[in-house]
Protein chains: 2
Amino acid sequence: MARPRSYDHDALRAATIRVARRLLEEGGPPALTARALARAVGATPGTVYAVFGNLNAVLLEVNRETFLELAAVIDAVPDGPAADWLDRLADAYVAFMLERRDVWRGLFEGPRETESFPPWYTELIDRLIGRIAAPLAELGAGPRARDLAEQLFVSVHGVVALAAIGRLDMVTARPAQALAREAVETTVRAIKAGPA
Amino acid sequence: MARPRSYDHDALRAATIRVARRLLEEGGPPALTARALARAVGATPGTVYAVFGNLNAVLLEVNRETFLELAAVIDAVPDGPAADWLDRLADAYVAFMLERRDVWRGLFEGPRETESFPPWYTELIDRLIGRIAAPLAELGAGPRARDLAEQLFVSVHGVVALAAIGRLDMVTARPAQALAREAVETTVRAIKAGPA
DNA sequence: GAACTATTTTGAACAGCGTTCAGGAACCGA
DNA sequence: TCGGTTCCTGAACGCTGTTCAAAATAGTTC
C-alpha cells in the first residue's frame, strides 16, 4: 500500500547523530550542515529533515549524548576527602569540556532565547550540581551547599567558556584547570570562614 | 586624475559602525549582514567591503566601542569601602552586559581560535581587572589580589555568559545580579579567611 | 496483469548569506 | 578630447537551511 522505507529510521537517526558529532569535532559548528550530514549517511537533505525536522534537532541530540557522557564521567569521579573530591570534579569537568571544545560550543552558543529546553537538559544539570553540593555539605556548608554549588558551577563555566573559545589567556596567564581549582579553593576557604 | 570618492570614508565608517550596533541590538548576530549594513548606510556591499575588508572587522569595531563604553562605566563607579565597591563594580558590569545581550554575544561568541586580538582588546580587559584588584588589595588580598581579581572576573563572566543566552535559570533560580554579588562575597570571605 | 492508492525519498528550487571582481562612472591633467 | 586613475556598483559564485512537487516503490483491488 505504500513505498517501503529504504532506511531503518532508527539506524539512520543514530548514524546521523554520530556523524553530526564527528563533523562538529572536525570542523566546529560551521561544519554541521544538512548537506554534509546527508552525504555522510548516504541520504539526502530531505530525508534528514524527514527524520529530524530541522538541523537544530540534530544538534540537540548530540548535546544530549554529550551531556549523558558528562554525567557518566562525573559519576565515575571517586569521592574522598571533600577538598580533593572537588578538585577531581573540577578537573574532570574542565578536561571533558576542553576535549570537546566544538561540541561544547554547540551546547552553549547561539540558540534562541525563547526556546524551551527539554527536561533531560535541566535534569542533567541538576544532577551535576548535586554532585558538587555533596562535598560542599561535607565541608560544612550546611544549607548553603546547594547555592554554593550553583555558584561554583557557574564560575567554572566561566573558565571553560573562555577557554573553549581560546580567550582565557586574555584574562589570565594561568591554564583553565588551574583557574577551576582556584575557584574550588576560594569556595572552600569561604566556607571555612564560617557561616555568613 | 581619478574618480572622486562619493563618500566621506570616515563618515561612512562611523555610520556603518553605528548601524551595525543598531542591527545587533535589534536582531542579534544574525541581523548583522553585509547587505543590511549597505542598505542602511545607503551604499552597496562592495563599498562596505572596500572600507572594512570583511564583516568581522565591522563587528570588531562595534566591540571596541562597546568595550570603551564599558571601561567608562567601570571607571565611573565610585570607590568606597572595599566590599561595597566590589558590589557596585559587579552590578555595573552585569547591568551593562545584560542591557546589551546581543552586542555581548558578538563580543564573546564564535570567532576563530587562531585569530589574534588587537591590543586595545587585551588592554581594556587588563584595566578592568586592575579595577577589581584594587578593592581586593584593600581587603588584604596582598600579592594575590591580581590572581583573585582574574578569578572573580572569570566567575562573573560565567554568570553573564549564561544569563546573556537565557540559560542561567537552568542552573539557578537566582538572578544574575545576585549571583555576581555572591561571587564577590565568596571571594571576600576567602580573603578574610587569611592567607593561603 | 493493470490500475489505483499510499507512502517514502529525492533533488531542484527559494531566499538568503559572505565575498569577489569585471566593468561602468567620474574626475584630472595633458 | 583623450588617456589615466581611481571609485563604486551590482551581478555572480558557492554556500547555507529549508521546502515541496514529483518520482519511486510497494500493497491492494479489479
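First the proteins, then the strands, lettered A, B, ... as listed; each starts at 1. None of the values given here were measured: they were computed from a predicted structure.
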Taking the side chain of [X] as its heavy atoms from C-beta onward, which of [options] lies nearest to it?
X	options	value
Ala43(A)	dT9(D), dG17(D), dT10(C)	dT10(C)
Asn54(A)	dT19(C), dT18(D), dG10(D)	dT18(D)
Ser6(B)	dC7(D), dG18(C), dT10(C)	dC7(D)
Thr33(B)	dG18(C), dT10(C), dC8(D)	dG18(C)
Leu55(B)	dC8(D), dT19(C), dA26(D)	dT19(C)

- Residue mapping more 5' on DNA chain D - nearest nucleotide basis, Tyr49(A) or Pro4(A):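 Between the two, 5'-proximity favours Tyr49(A).
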
Rounded to whole Å, how long is the line connecting atom [atom1] of [X] with atom [atom2] of [N]?
X	N	atom1	atom2	value
Leu12(B)	dC7(D)	CG	C1'	12 Å
Arg5(A)	dT10(C)	CZ	P	12 Å
Asn56(B)	dT19(C)	CG	C1'	13 Å
Tyr7(A)	dT7(C)	OH	P	19 Å
Asp10(A)	dT8(C)	CG	P	14 Å
Leu37(A)	dT18(D)	CG	C1'	14 Å
Leu23(B)	dG18(C)	CG	P	11 Å

Could [X] and [Y] be called an ion pair, given the rule that one side-chain N must be under 4.0 Å from one carboxylate O?
X	Y	result
Arg131(A)	Asp79(A)	no
Glu65(A)	Arg18(A)	no
Arg101(A)	Glu25(A)	no

Does the side chain of Thr172(A) pick up a donor-acceptor pair with the side chain of Arg174(A) at under 3.5 Å?
yes

Less than 3.5 Å apart, any donor N or O on the side chain of Thr186(A) or Gln151(B) sitting next to an acceptor on the other?
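Yes, because at least one side-chain N or O of Thr186(A) sits under 3.5 Å from a partner of the opposite role on Gln151(B).
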
message: I want to check one thing: is the phosphate of dC7(D), taken as OP1 and OP2, less than 4.0 Å away from some side-chain N or O of Thr47(B)?
response: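 So the side chain of Thr47(B) is outside the cut-off, no N or O lying under 4.0 Å from OP1 or OP2 of dC7(D).
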
message: Counting only side-chain nitrogens and oxygens, does His9(B) get under 4.0 Å of the OP1 or OP2 atom of dT6(D)?
response: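 Negative; the distance criterion is not met.
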
Q.
Is it the case that dT18(D) (base atoms only) and Arg35(A) (side chain only) share a donor and an acceptor within less than 3.5 Å, ignoring hydrogens and angles?
A. yes

Does any donor-acceptor pair link the side chain of Arg3(A) with the base of dT25(D) at a separation under 3.5 Å? no

